[in-house]
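Worksheet for the structure shown next.
Worth saying up front: this structure is predicted, and the values here are computed from it rather than measured. Computation of the quantities below employed the complete heavy-atom set of this structure, encompassing side-chain atoms and omitting hydrogens, waters and symmetry-equivalent molecules.
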Amino acid sequence: MSLFRMDISPTLLELQPGASAQLQVSVTNFSQIVDEFEIGLVSTAPGISAVPQRLPLLDDGRSGSATLVVAVTAGHGAPPAGQTVIGVRVHSLSDPSVSQVEEVRLTVGSAGTSQLSVEPKVVRGGGSARLQLIVTNNRNSAHPVGFSGEDTERLVRFSFEPQVVTVPPWSQQATTVTVRARRPLTGADVGRQLTFRAEGGPEPLTDSASFIQSARVHPTVPRVIGAVIALAVIAGSVLLAAFLTRDDDDNTTVAGGQTTPPVTESVPEVAVETVSVPPVAGLSEVDAASALTAVGLSSGSVIQTNHESVPNGVVIDAVPPPGTVLDPGTEVALLVSTGPQPPPTVPVPDLAELDEDAAVDALGSACDPEPCFAASVARDFSDDVVDGVVLRQEPSAGAAAEIGSQVTVIISLGPEETEPEGTAATPFVGMWTNEDLNTGGNTRFEIGEVDGMVAVHAFGKCHPTDCDWETELGTVSGSTASLVWDQGFVVRQMEMELLDETRMKVTTSHQYTDSRPDRFDEAFFLRTG
């Protein structure tokens, strides 16, 4: 028998970082001493806290309650998003080793912001240049992101390495992007406005940059060439004679006084073919990969996420999105559905030792809003559980079940048949009262029989009413019955010896599990019913 009982309501909490909720904790004292109790949290994740509460003095059999406020830290100290278990501990102040811990399931919501930044904001180059995309995750949850880019003229090609990154909470991840576009042959520098996206997290992120391309031929070159031609005309006769008689590395004199001009090899710019990301939404992962391969692209990372309307295994979108122009062979990530978000679950409460009405109430109030579970009541015979008390439950206590689902409660009908009379336990059956009215130990016994064993319902001396030790079974040998009371803090081995039909001697050995010394006592009881 426990020294006290604790009850917690609710046993399921959902909190956003920065929020708090109240737990109602009640304690019933079953010990034979007046005691104080303290309530607090144990084994909590970082960022979850509660100020310990103390109950006033409780007499034996009395109950008290307190409100424990559970708070979730906001900002960088917030606990990770998702479900965790916190322990609520109640311990005796007279004996701190006597304690009890119950679990409460806490779902922490995702909160915070993310940011995409491009470095540098302005990059200069010829046909290509490189930039860094940095995702800063100031959230308490990790999320994968895929990168894409576009320019207003749709002339720039983008290559990302890597294409997809997963950003842990409160951290940064970066990718390198190479941008390519055909350079102008002549003229002034060309500025191309680039927009970058990071998608796959709680919200799409964007940032922009400028790609400044220089021309292949500098603007001053044509003017220099014109001046050279003018000087050549003015000094033509002199230069002609000199060129005709000179064996130059750049010109070759041939018969008839003609010369072959130097051969200048012109290398035209080769246009790189590009491909567009095809539409893949609604395809299976395999078919989407085939569609990418068919146009010359490569299937890259797979980002899985819940979706309310897209079935499990079906592609939601591509990253970069369909229509994006890429170089052949570029990897494209697929955003694949894992189906709808599974419904929330709640631990099924423990209904043991409750009667039918209390069990139905406990199921209905197991979470907020009520009713939490629907009760289906069945009945069965039991030799061990008394009539009207929960015999078993389906699902079992602690199992995770959907809110609103049905829990079957089997109520005991007691023994199926009346126990036969005349067993060895029969002489003990009846009401017995301690001869010593001032005793500090057991005051009375109510003895029955189950399968030839004594069923002893014992009561101990307490104030203002006797303590209920509940019922324990014992064996019978001749005129002696033996049984053991394991009450956690003490194990009591008891022998009942019938002296005659109206008088019984009871000897008890007390073996304490705490620091108190063991002891032995003897008492005499009279049959009173």
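Of the candidates W432, F525, F428, F428 is the only one forming a side-chain contact (heavy atoms from CB on, under 4.5 Å) with M496. Screening Q493, R492, R516 against H510 for a side-chain hydrogen bond (donor to acceptor under 3.5 Å, both in side chains) leaves a single residue, R492. Under the side-chain contact (heavy atoms from CB on, under 4.5 Å) test applied with I48, the options T73, V70, L15, L13 reduce to a single match, V70.
Inter-residue side-chain proximity for D466 and R444 is flagged as met; some heavy-atom pair is nearer than 4.5 Å. The side-chain heavy atoms of M6 and S65, taken from C-beta on, include no pair separated by under 4.5 Å. Contact annotation: the side chain of E356 approaches that of V377 to within less than 4.5 Å [non-hydrogen atoms, C-beta and beyond]. You'll find the side chain of R503 reaches within 4.5 Å of the side chain of E435, heavy atoms only. With contacts defined as side-chain heavy-atom distances shorter than 4.5 Å, the pair T11/E103 does not qualify. F37 has its side chain out of reach of H91: every pair of non-hydrogen atoms, C-beta onward, lies at least 4.5 Å apart. Annotation: side chain of R527 is not in contact with side chain of M504 (no heavy-atom distance under 4.5 Å). Two residues are said to be in side-chain contact when any heavy atoms from C-beta on lie closer than 4.5 Å; S114 and R139 meet this criterion.
Checking side-chain atoms of D35 against main-chain N and O of L58 turns up no donor-acceptor pair under 3.5 Å.
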Next on the checklist: Could you walk me through whether W485 and V490 satisfy the side-chain contact (heavy atoms from CB on, under 4.5 Å) test, starting with their C-alpha distance in whole Å, then the side-chain angles of each, then the deciding distance to 0.1 Å, before giving a yes or no?
Outcome noted: CA-CA 8 Å; W485 301 86; V490 61; over 6 Å; no

Checklist entry - Would T338 and N306 count as a side-chain hydrogen bond (donor to acceptor under 3.5 Å, both in side chains) if you check the C-alpha gap in whole Å, the side-chain angles of each, and the deciding distance to 0.1 Å? => result CA-CA 5 Å; T338 56; N306 294 119; 3.1 Å; yes

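Residue E203 places its CD atom among more than 12 non-hydrogen atoms of other residues, nucleotides or ligands, all under 6.0 Å distant. Heavy atoms from other residues, nucleotides or ligands lying under 6.0 Å from CD of Q406 number more than 12.
Taking CG of D486 as the reference point, atom OG1 of T513 lies at 8.5 Å (rounded to 0.5 Å). One distance of note links OG of S117 with CG of D207; it measures 6.5 Å at 0.5 Å rounding. Note: T345 OG1 to Q83 CD = 5.5 Å, rounded to the nearest 0.5 Å. Between the SG atom of C467 and the CD atom of Q487 there is a distance of 9.5 Å, given to the nearest 0.5 Å. A distance of 5.5 Å separates CG of D383 from CG of D451, quoted to the nearest 0.5 Å. For the atom pair M453 CE and T475 OG1, the distance stands at 6.0 Å (nearest 0.5 Å).
A pairwise comparison of heavy atoms in S382 and S412 identifies CB-OG, 3.5 Å as the closest pair. Summarising the geometry of V90 relative to I39, their closest heavy-atom pair is CG2-CG1, 3.9 Å, with the distance given to 0.1 Å. The minimum heavy-atom distance linking A81 with S141 is given by the pair CB-CB, 3.8 Å. Between G109 and N140 the shortest heavy-atom distance is O-ND2, 3.0 Å.
Side-chain contact, H307 with S309: a donor N or O sits under 3.5 Å from an acceptor N or O.
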